[in-house]
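Input: a single structure, listed below in structure tokens.
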Amino acid sequence: MQKNEDNAAEHSEEKKKGFDLFKTLKQTADGIGSFANSAVQETGKFAGSVADNIGKSVNVVAKGTQDLTTQATQSIIETIDQNGDGKVDLEDVIILGMKTPGVRIDRKAFLQSELSKKLPQNVIERAIESNPMKAGIHGEQIDKIADDVINYERNCVSGISAALGVPGGVAMAATIPADIIQYYGYMLRATQKLMYLYGFPEIDVDENGQIFDSATMNVLIICFGAMFGLANANQMLKSVATMLGSGVEKQLMKKALTKGTVYPIVKSISKWFNVKMTKEVFAGFFKKSIPLLGGLVGGGITYVSFKPCCDKLKNTLKDTILSNPNYQPAADEVIEINDENDDIIVIPAES
């Protein structure tokens, strides 16, 4: 009996130990679970906090970048916008270009310099007084000079384009106009020289205290249209030459270039260029973030693209009433002008 009591006591003690162990294990498990839950919660809070901070930082950076871009954009527009319309357009580029030292070409000095290399002074003086064709200078000679002019201007603009393509850090916003204006400035140089070689009069950029009147601006816009092969620009430039060759009175000529059939063509050319200007200006801003590459690509593209544009203008100018003694004005070289309430027709000169 004593043995049974001993066994029962031992069994009871083992049950108690087992219960205590279970209790200990349960407490440990509960503690681990509680700790794990707490850790998960804290980790979640920490992760959420980190995510919030990262999100805030990204938003701050994004906002800062957006603000910087907006400021740069506004700075560029304010720098380039010369006609006060709040946009970047071809008129702005032409005005700025003509303000850039060295872009404006003096017709008399240019013709004297270029023609003196192969022609006697009396012929040069007649060319300056009238135009090279009326002075009896052969078209082949003029074409050769024109080719030399194009090659010279192309080499100049390509070198400048490459140099200006190098990034300029925070100050690069100020260099954007230089990049664009230099390129189109050299196109303006080439345009003036080609116009003078092929019989056009001096570009009048100082009238009534203004750098440009509308008629002069429109002639240059048409020339740019011819350079880029835009529809109707070639024919319109020939029509302008025909008016000049016909001796159309200056005020009537201005009306033809601002109120007649020329004007819609000018507006169409301007619209195309305005899109191009905006893209080039702001693409140029971001291009400068790529060191060296931007300059090399920019200079290379400029070199390739410049000559074909000038050649197109040359090919149009060399076959007008001002440059070709055998030129026959086409039937559509008639300019309609709305002069107040009357429609005035300018008839092409008879060849």
Side-chain angles (χ1 to χ4, degrees), residues 98 102-154 186-207 215-216 218-220 222-224 226-227 233-254 256-257 307 310-330 333 335 346-351:
M98 282 298 199
V103 171
R104 185 176 172 182
I105 303 299
D106 181 277
R107 178 179 177 272
K108 180 178 179 180
F110 166 71
L111 290 177
Q112 177 66 49
S113 174
E114 291 298 326
L115 300 180
S116 63
K117 298 171 184 177
K118 294 185 178 180
L119 295 167
Q121 185 59 34
N122 63 324
V123 173
I124 296 171
E125 289 174 359
R126 288 201 302 272
I128 292 171
E129 184 179 350
S130 55
N131 67 44
M133 180 194 75
K134 290 183 178 180
I137 303 173
H138 292 175
E140 292 81 2
Q141 287 178 288
I142 298 299
D143 291 344
K144 177 63 171 62
I145 296 172
D147 289 337
D148 290 342
V149 162
I150 292 170
N151 288 329
Y152 174 80
E153 300 298 338
R154 177 179 64 167
Y186 273 92
M187 279 198 160
L188 278 168
R189 280 174 54 89
T191 296
Q192 294 169 85
K193 290 181 177 182
L194 293 174
M195 290 175 74
Y196 298 155
L197 285 171
Y198 290 109
F200 276 71
E202 182 92 32
I203 294 295
D204 188 3
V205 297
D206 292 312
E207 185 167 310
T216 301
N218 290 351
V219 170
L220 290 173
I222 293 169
C223 285
F224 271 88
M227 276 182 152
N234 287 349
Q235 191 56 48
M236 197 54 61
L237 190 54
K238 290 177 182 291
S239 297
V240 171
T242 296
M243 282 194 292
L244 288 168
S246 303
V248 173
E249 192 264 338
K250 187 174 183 180
Q251 291 304 314
L252 193 59
M253 181 78 175
K254 287 186 177 181
L257 289 164
K307 188 176 185 300
C310 292
D311 284 342
K312 288 176 184 176
L313 178 61
K314 170 195 162 187
N315 290 335
T316 299
L317 291 173
K318 69 184 289 186
D319 188 28
T320 74
I321 198 172
L322 297 175
S323 56
N324 180 1
N326 300 315
Y327 182 74
Q328 296 291 331
E333 287 179 34
I335 305 297
V346 179
I347 306 297
E350 296 292 335
S351 59

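Along the sequence shown, residues carry numbers from 1.
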Could you report the tightest heavy-atom contact between [X] and [Y], atom names first, then the distance?
X	Y	value
Leu244	Pro201	CD1-CD, 3.8 Å
Val219	Leu257	CG2-CD1, 3.6 Å
Tyr196	Leu111	O-CD2, 3.9 Å
Ile142	Pro132	CD1-CB, 3.7 Å
Val149	Lys193	CG1-CD, 3.6 Å
Met243	Ala256	SD-CB, 3.5 Å

Give a yes or no on whether the backbone of Ala109 and the side-chain of Ser113 come within a donor-acceptor separation of less than 3.5 Å.
no
Gln141 side chain to Leu115 main-chain N or O, any donor-acceptor pair under 3.5 Å?
no
With [X], which residues qualify under side chain to side chain donor-acceptor pair (under 3.5 Å), at least two apart?
X	result
Thr316	Asn234
Gln112	Gln121
Lys314	Asp147

For residues [X] and [Y], determine if any side-chain heavy atom of one lies less than 4.5 Å from a side-chain heavy atom of the other.
X	Y	answer
Tyr198	Leu313	no
Met98	Arg104	yes
Leu197	Phe110	yes
Val240	Thr320	no
Leu188	Phe224	yes
Cys223	Met195	yes
Ser323	Leu317	no
Ile203	Ile105	no

Spacing of [atom1] belonging to [X] relative to [atom2] belonging to [Y], to within rounding of 0.5 Å:
X	Y	atom1	atom2	answer
Arg126	Ile137	CZ	CD1	8.5 Å
His138	Leu119	NE2	CG	10.0 Å
Leu220	Met227	CG	CE	10.0 Å
Glu202	Lys108	CD	NZ	10.5 Å

Residues pairing under salt bridge (Lys or Arg N to Asp or Glu O under 4.0 Å) where one sits in residues 131-145, two or more places apart or in two chains, turn out to be Asp143-Lys318, Lys144-Asp148
Taken in chain and number order and not counting sequence neighbours, the residues that satisfy salt bridge (charged side-chain N to carboxylate O under 4.0 Å, His left out) with Arg189 are Glu153
Sequence neighbours excluded, the answer for side-chain contact (heavy atoms from CB on, under 4.5 Å) partners of Lys118 is none
